[in-house]
Amino acid sequence: MIEKNYQPADIEGRMSLVWEDSRAFRAGRPDRRDAKPFTIVIPPPNVTGSLHMGHALNNTLQDILCRFERMRGRDVLWQPGTDHAGIATQMVVERQLMERQQPRRRDMGREKFLERVWQWKEESGGTIVNQLKRLGASCDWSRERFTMDEGLSRAVVKVFVQLHREGLIYKDKRLVNWDPKLLTAISDLEVQQVEVKGSLWYLRYPIEGKSFSPDDPTSFIVVATTRPETMLGDTGVAVNPEDERYRHLVGGHVILPLVGRRIPIVADEYSDPEKGSGAVKITPAHDFNDFEVGKRHNLAQISVLDQEGSMALVGNEDYLRDLPEGSEEFARELHKVDRFAARKQIVARLDNFGFLERIEPNTHMAPHGDRSGVVIEPYLTDQWYVDAKTLAEPAIAAVRSGRTKFVPDNWSKTYFEWMENIQPWCISRQLWWGHQIPAWYGPDGKVFVAETEEEAIGHALGYYVEQEVITPEQGREMALDRNKRADFITRDEDVLDTWFSSALWPFSTLGWPDDTPEVKRYYPTDALVTGFDIIFFWVARMMMMGLHFMKDAPFSTVYIHRLVRDEKGAKMSKSKGNVIDPLGVIDEYGADALRFALARGAAQGHDIKLSPQMVETNRNFATKLWNACRFAEMNDCVQPEGFDPTSAKDTLNRWIVHETVRATREVTEAIEACRFNDAANAIYRFVWNVYCDWYLELAKPMLMGEEGAAKTETRATVAWARDEILKLLHPFMPFITEELWEVTARRDTLLALSQWSRKADAITAEQLALMSAANPNEPMVPLALLEVAPADFTDEAAEAEIGWVVDLVTAIRSVRAEMNIAPATLTTLVLSGASAETRKRLPRWNDVIKRMARLSDISFADRAPEGAVQILVRGEVAALPLKGVIDLAAERTRLDKEIVKADADIKRVDAKLGNEKFVANAPEEIVEEEKEKREAALARKAKILEALERLKNAS
RNA sequence: GGGCGGUUAGCUCAGCGGUAGAGCACUGGUUUUACACACCAUUGGUCGGGAGUUCGAUCCUCUCACCGCCCACCA
């Protein structure tokens, strides 16, 4: 028995248990060994994270695809797992240490700290997985992976070593985006350009050989800068070669203020005469452009900042020695002063000596770390890089050729744009949490990269023995004793960018580099579902790595969804306080309602606006379905074994079969095209407006009538359509459909939608759980398959006939409402001048129409009785004799309005048909259509005129 | 600076060459035997502005306006 009330929390709790213990979501189920695989890898959430609305959307869409394909008979692998999320996780743990006033990371030491992070991972690592389960995600949880698992780590090392051997990973000293707060390099993608209100400082650089005076413009050259503090590291001034103002100075030198260094004036295209003063200071060690300019002109690179973004001049003895008198003291005072404080001091000093011309307010974009939020410092260091340009080539080709498709397609343009201008990928991070780089250094800095420490040490020691740096004897000792080589050979301290391991996810999770059956069977995957924000971070890199190591693109479809916003369209954020917690919503309305709300909103290329009210609406839909199933159950609607809906005799039943088949086709096509909103809306409409509003209502007289063939057939068809609905809806609303399926589908063979078969009434979830635990080898039975029994079944005649009934009932209801006839008042209906077809149809629908339109009697007549309300239904007049009940004047007004409408139609069509060009140029069928419209409108007008005439007679 | 998208009923969005659609909200009515988390019936739009192509434009082209996002090293 279906419970009276739909209570999502009960069902979902119970169903989660059932799913947990079933093995229905496993890849490679015994019944699917010969089936075509369908694979999706989950975008691994941060292992210590918790579910937000973006996850809810992302995983709902994936689950829809997975359940859908599973029901179509595919062997589905939805590969779950989590990401170690290097920086993010390390930051969380560091913050914890701070809050608890425990020793800081560096005080603890690497080993202890990593222990702490692992401990935190163990504590909170299950959270998001459990939350995904509450959403109903049908992942193969037995295959859950973590990016720092032993296996995945092996894949990382293998990839690093191979790419290094191929020259596609290399170490380079160049400017990187340095985060002075987190003290690590980050990649270009982790830098956010943020608009800042700053200033533009115009500085006077004295020209060599001239006597500097602020009043003599020929004695100096003005440069403009947003970063005056870096001037201490200037090693040149650039002007545009075409710039007449400065041409005579090219080749000369300026004396750097405060520092006294003689630096050249060079001509370089980089300098834009339109910007600032037209002359630009060049600081190769602190600016990406300047770095390039500096290389072109052989300018020195002088770092004046340290890792923390503070001035660092002490220790650079050459630098200090060259300073003019008085400046050395200043430089020493600046030592360890933060860059922004130093800026003030330097500007003040420049001003003192007349080197500051003016200050302009200036708004510009400044790079900020996306995690730390501080201004990023271009910083000269040794880092590891991936030659992304080379790897990008096949990745670009794969999308160009259509091997991998973006949905919607316009994202491929974004992808090309980025891939074609890709820069070397900086992969080393000065962090501890992550995959440590498998590189070892000898005393001379020579690097040895190998998959294992033994191998690297072997190579290194061999090399140094050969170079006679050490004796063979020493080599042997060091090989055997870690302590003895501790100072001789050291491992690279750095770890890899988190996205490095994520890039391998589609194959590392399958067991690569081992030659596993899973790699063979499930790679390449089918679809990737993700947000546009990680196309570059993740999708592009998976494409590169997948193509390089697996020789095939990792997926054929990349579905890109958009953001979930609040009801006003604002981004959800903690600071705004408009965050909707998916778990809270699930508690209140159920996961099914949330999933359906998200799916219905997931229009391609659009953000999803979500409010609790929308979820409520969809909970109401679930309730509607629940009640419809209760109705079916109360009426003993059961699908007999072997029931063939296409052989139904009754028109109404044939009609719902026709409609069900059509809805199924619509939904199927929409899901196949990733039009999740269209799919969900099609079901919504079908269930509510077709099945409930009309089919069940029209079927009521039959179901409540006498036993017989027709009633038996109707019961079976009601049940059949209900079961099709449950199947169709299951990918979207798995919990409620599963529940209803189990309770209502009383058949000899019980095929649960996504779980082991069980006798619906006889076995509880708890018992099932026990059974599967006790007998894990019990073979799995096939799932309910989503196939339209008669995929191409149509019945136009039934459609026309039910259409007539619907129109007639609607028209009568409309008139009754308009005439303010109380629902309790039964009226009669006279079909005047009815066609033979109508006369034939009526007996079949007499009861239904009477019931639905609140009539006491329906009769035929040659002409409508006097004083009746006359309505046009599909070209025939239906009259409601309401003499004495109706307001004749009001009725006349109503008919007059109809005439106006008809006239407008006629006029519009006449205008078209009267246009010779239209008749001459428009396609024939369009012209025909217009002519038919004209005929119809004329006929309608005639009937209304007749009706008016009779109304006159009545009064 | 480059690129992408949006502007259609109060709200959220479909439609993308042949007389404007849905859901929700609104309004009025309903203790009709599955469902008031429901039912029934309505109201509501010169499809952002302008120009063009066309027999015909919400739909194609151009242009303007406003909104949003992404990318970019510009002092």
Side-chain angles (χ1 to χ4, degrees), chain A residues 2 4-6 188 193 200-202 223-227 238 270-272 274-283 287-292 362 364-365 367 378 408 410-411 413-414 417-418 421 532-533 535-536 562-563 567-569 571 589 593 600-601 603 605-611 613-614 616-635 677-678 681 684-685 688-689 692-693 696-697 700 704 809-810 813-818 820-824 851-852 854 904-905 908-909 912 915-923 925-927 929-930 933:
Chain A
I2 304 176
K4 173 131 187 6
N5 294 312
Y6 165 54
D188 298 345
Q193 297 293 334
L200 197 53
W201 285 269
Y202 286 78
V223 297
T225 180
T226 53
R227 300 211 52 196
Y270 164 66
S271 180
D272 182 346
E274 305 293 316
K275 303 269 176 178
S277 62
V280 60
K281 70 197 249 329
I282 301 298
T283 324
D287 183 284
F288 287 100
N289 290 310
D290 294 4
F291 183 78
E292 296 302 322
N362 176 265
H364 61 112
M365 303 294 266
N410 53 304
W411 289 109
K413 191 158 182 177
T414 308
E417 198 80 22
W418 190 71
N421 298 297
F532 59 89
D533 49 335
I535 292 180
F536 306 143
R562 304 264 306 225
L563 238 50
E567 57 212 293
K568 295 190 199 91
K571 221 172 188 167
Y589 301 108
R600 290 227 285 152
H606 287 282
D607 289 339
I608 297 174
K609 287 170 192 151
L610 188 79
S611 62
Q613 196 219 43
M614 289 174 188
E616 189 184 345
T617 300
N618 290 291
R619 189 275 320 265
N620 294 352
F621 171 70
T623 308
K624 183 74 182 176
L625 173 73
W626 186 265
N627 284 311
C629 291
R630 277 184 63 218
F631 173 79
E633 187 186 49
M634 286 170 181
N635 284 282
N677 59 324
D678 288 344
N681 284 318
Y684 184 95
R685 208 166 320 150
W688 205 313
N689 304 119
C692 292
D693 286 352
L696 293 184
E697 291 303 326
K700 274 178 184 173
M704 288 163 189
V809 168
T810 306
R813 279 172 172 173
S814 188
V815 166
R816 289 178 56 105
E818 221 170 309
N820 283 320
I821 295 165
R851 178 192 150 83
M852 296 186 77
R854 321 245 354 118
D905 282 355
R908 194 180 304 114
V909 177
K912 264 195 175 179
N915 182 344
E916 280 174 32
K917 285 182 182 169
F918 171 73
V919 181
N921 293 322
E925 65 264 28
I926 298 291
V927 178
E929 234 172 75
E930 292 298 320
K933 274 183 205 163

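Below, chain A is the first sequence line, B the second, and so on; all start at residue 1. Just so we're clear, the structure is a prediction, and the values are computed from it rather than from any experiment.
- Only the P atoms considered, B:U33 is 14 Å distant from B:C40, to the nearest whole Å.
- Rounding to whole angstrom units, NZ of residue A:Lys609 and P of B:G6 are separated by 13 Å.
- Within the 4.0 Å cut-off from OP1 or OP2 of B:A34, at least one side-chain nitrogen or oxygen of A:Lys700 is found.
- Between the base of B:C4 and the side chain of A:Lys413 there is no donor-acceptor pair shorter than 3.5 Å.
- Here the separation of B:A22 from B:A34, taken at their C1' atoms, is 25 Å to the nearest Å.
- Counting to the nearest Å, the P atom of B:G18 and the CZ atom of A:Phe918 are 12 Å from each other.
- Look at A:His364 and you won't find any side-chain N or O under 4.0 angstrom from OP1 or OP2 of B:C73.
- Nucleotides B:C60 and B:G15 have their P atoms positioned 12 Å apart, rounded to a whole Å.
- Judged by atom type and distance alone, A:Arg813 does not reach the base of B:C40 through any side-chain donor-acceptor pair under 3.5 Å.
- Residue A:Ser814 places at least one side-chain N or O under 4.0 Å from the OP1 or OP2 atom of B:U42.
- At the phosphate of B:C39, OP1 or OP2 sits under 4.0 Å from a side-chain N or O atom of A:Trp688.
- A:Pro923 comes within 4.0 angstrom of a base, heavy atoms only.
- Taking every heavy atom of both residues into account, A:Gly601 and A:Asn677 meet most closely at C-CB, 4.5 Å.
- A cation-pi arrangement, defined by a distance under 6.0 Å to the six-membered ring centre and an angle within 45 degrees of its axis, is present between A:Lys700 and A:Phe631.
- The distance from atom NZ of A:Lys917 to atom P of B:C55 is 7 Å, rounded to the nearest whole Å.
- A donor N or O paired with an acceptor N or O is found under 3.5 Å between the base of B:A34 and the side-chain atoms of A:Glu697.
- Spacing between atom OH of A:Tyr6 and atom C1' of B:A34 amounts to 16 Å, rounded to whole angstrom units.
- Put simply, NZ on A:Lys4 is 12 Å from P on B:U33, counting in whole angstrom units.
- A:Arg630 comes within 4.0 angstrom of the backbone, heavy atoms only, and of no base.
- Within 4.0 Å of A:Cys629, counting heavy atoms only, lies no atom of the nucleic acid at all.
- At B:A38, one or more side-chain N or O atoms of A:Asn620 fall inside 4.0 Å of OP1 or OP2 (strictly under the cut-off).
- Here the P atom of nucleotide B:C70 and the CG atom of A:Asp533 are 9 Å apart, to the nearest Å.
- Atoms CD1 (A:Ile608) and P (B:G6) sit 16 Å apart, rounded to a whole Å.
- In this structure, A:Tyr684 atom OH and B:C24 atom P are separated by 4 Å, rounded to whole Å.
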